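A quick note: this is a predicted structure, and the numbers were derived from the prediction, not measured. Sequence positions, counted from 1, serve as the residue numbers for this chain. Values reported hereafter were calculated over all heavy atoms of this structure, with side chains retained and with hydrogens, waters and symmetry mates removed.
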Amino acid sequence: MRLEQGVTLIEILISLLVLSIGLLGLAGLQVSAQQLSMDAYEQERAGLLADYIVERIALNREARQCYGFTDPVTGGPAIGQGVEIDLTCTGFGTIATQELAEADLAAWEQMLEGATETLAGNNVGAMVNARGCIWLDADANTATIAVTWQGEIQADAPPASLCGANQYGDERYRRALIRTLEFADLDA
């Protein structure tokens, strides 16, 4: 009788051990799913931010050169998260279209910094350390827009875009979303 009780106790302990390992695995799976969900959400936000400025440039094509402030070789500067750059525009379009470009870039910077949503006085409306870059090709016929941010989990490799490079510690945490806008030649 005592031997049967001992075997039953060992069986219960083994069952609890197996159950505990299963629950730990389930908790780990939940954490991974949450991180991947957050990455997907941030990528969607980055797409909305990139699409916003693409639309603004397309609507103000007369002063499109005013939007290109990033060096394609270095990937800097990038606006957002406290980066101060001169957003003044002269020599392209009219004064009204230049001012519109400056206002568009200032609004985009506010969006990148998360100022559209606040919680207890803190900006919370964007991704972690969001930054934006815009560069134009030599003829200003193509604009490339990149939005970068700091992801929660390491990727296998950093993104190809140089926007925001070396701003996030380990480059494998840097995420980038890129949009390209090509301007049609309306004079042809």
Side-chain angles (χ1 to χ4, degrees), residues 1-56 70 72 74-85 105-135 143-181:
M1 183 81 158
R2 286 182 166 248
L3 182 61
E4 288 177 11
Q5 288 176 344
V7 171
T8 304
L9 183 60
I10 290 174
E11 288 173 349
I12 291 172
L13 289 174
I14 291 173
S15 297
L16 285 174
L17 177 66
V18 169
L19 181 64
S20 297
I21 291 171
L23 289 175
L24 283 174
L26 188 59
L29 183 63
Q30 179 66 24
V31 168
S32 294
Q34 240 176 347
Q35 288 174 331
L36 291 172
S37 176
M38 186 61 161
D39 256 9
Y41 171 75
E42 288 176 334
Q43 187 168 5
E44 180 184 0
R45 291 287 290 200
L48 292 172
L49 289 169
D51 290 345
Y52 168 82
I53 201 66
V54 164
E55 290 174 14
R56 302 308 303 166
T70 304
T74 65
I79 64 172
Q81 300 307 319
V83 177
E84 296 294 327
I85 63 171
L105 288 170
W108 194 48
E109 180 177 22
Q110 291 291 303
M111 290 176 195
L112 287 164
E113 292 177 352
T116 56
E117 297 175 38
T118 59
L119 180 65
N122 296 316
N123 294 346
V124 295
M127 300 82 63
V128 176
N129 293 325
R131 291 179 171 83
C133 299
I134 303 172
W135 50 93
T144 303
I145 293 90
V147 175
T148 61
W149 69 97
Q150 183 174 337
E152 289 192 23
I153 53 178
Q154 283 185 349
D156 293 335
S161 172
L162 292 175
C163 183
N166 303 314
Q167 301 296 312
Y168 302 102
D170 187 336
E171 282 292 287
R172 293 176 295 172
Y173 284 105
R174 182 169 55 97
R175 303 289 187 268
L177 183 130
I178 300 168
R179 296 277 196 264
T180 303
L181 172 63

Disulfide bond (SG atoms under 2.5 Å apart) contacts in which one or both residues fall within residues 145-179, not counting sequence neighbours: Cys133-Cys163

Could you list the residues that satisfy side-chain contact (heavy atoms from CB on, under 4.5 Å) with [X], not counting sequence neighbours?
X      : value
Tyr173 : Gln150, Gln154, Asp170
Ala50  : Ile145, Val147, Leu177, Arg179
Leu162 : none
Glu44  : none

Salt bridge (charged side-chain N to carboxylate O under 4.0 Å, His left out) contacts touching residues 16-40 (sequence neighbours left out): Asp39-Arg175

All salt bridge (Lys or Arg N to Asp or Glu O under 4.0 Å) counterparts of Glu171, not counting sequence neighbours: Arg174

Any residue meeting salt bridge (Lys or Arg N to Asp or Glu O under 4.0 Å) with Asp156, in chain and number order, not counting sequence neighbours: none

Closest non-hydrogen atom pair between Val128 and Tyr168, with its separation: O-CE2, 4.5 Å

Shortest non-hydrogen contact from Ser161 toward Trp135: OG-CH2, 3.9 Å

What distance do [X] atom [atom1] and [Y] atom [atom2] have between them, rounded to the nearest 0.5 Å?
X      : Y      : atom1 : atom2 : value
Leu49  : Met127 : CG    : CE    : 5.0 Å
Leu48  : Gln43  : CG    : CD    : 11.0 Å
Ile153 : Gln34  : CD1   : CD    : 12.0 Å
Leu19  : Leu26  : CG    : CG    : 10.5 Å
Leu24  : Leu29  : CG    : CG    : 12.5 Å
Leu13  : Thr8   : CG    : OG1   : 11.0 Å

Partners meeting side chain to side chain donor-acceptor pair (under 3.5 Å) with Trp108 (sequence neighbours left out): none

Partner set under side chain to side chain donor-acceptor pair (under 3.5 Å) for Tyr52, not counting sequence neighbours: none

Within-4.5 Å side-chain heavy-atom neighbours: Ile53 and Leu105: yes

Check: Gly76 main-chain N/O paired with Thr70 side-chain donor or acceptor under 3.5 Å: no

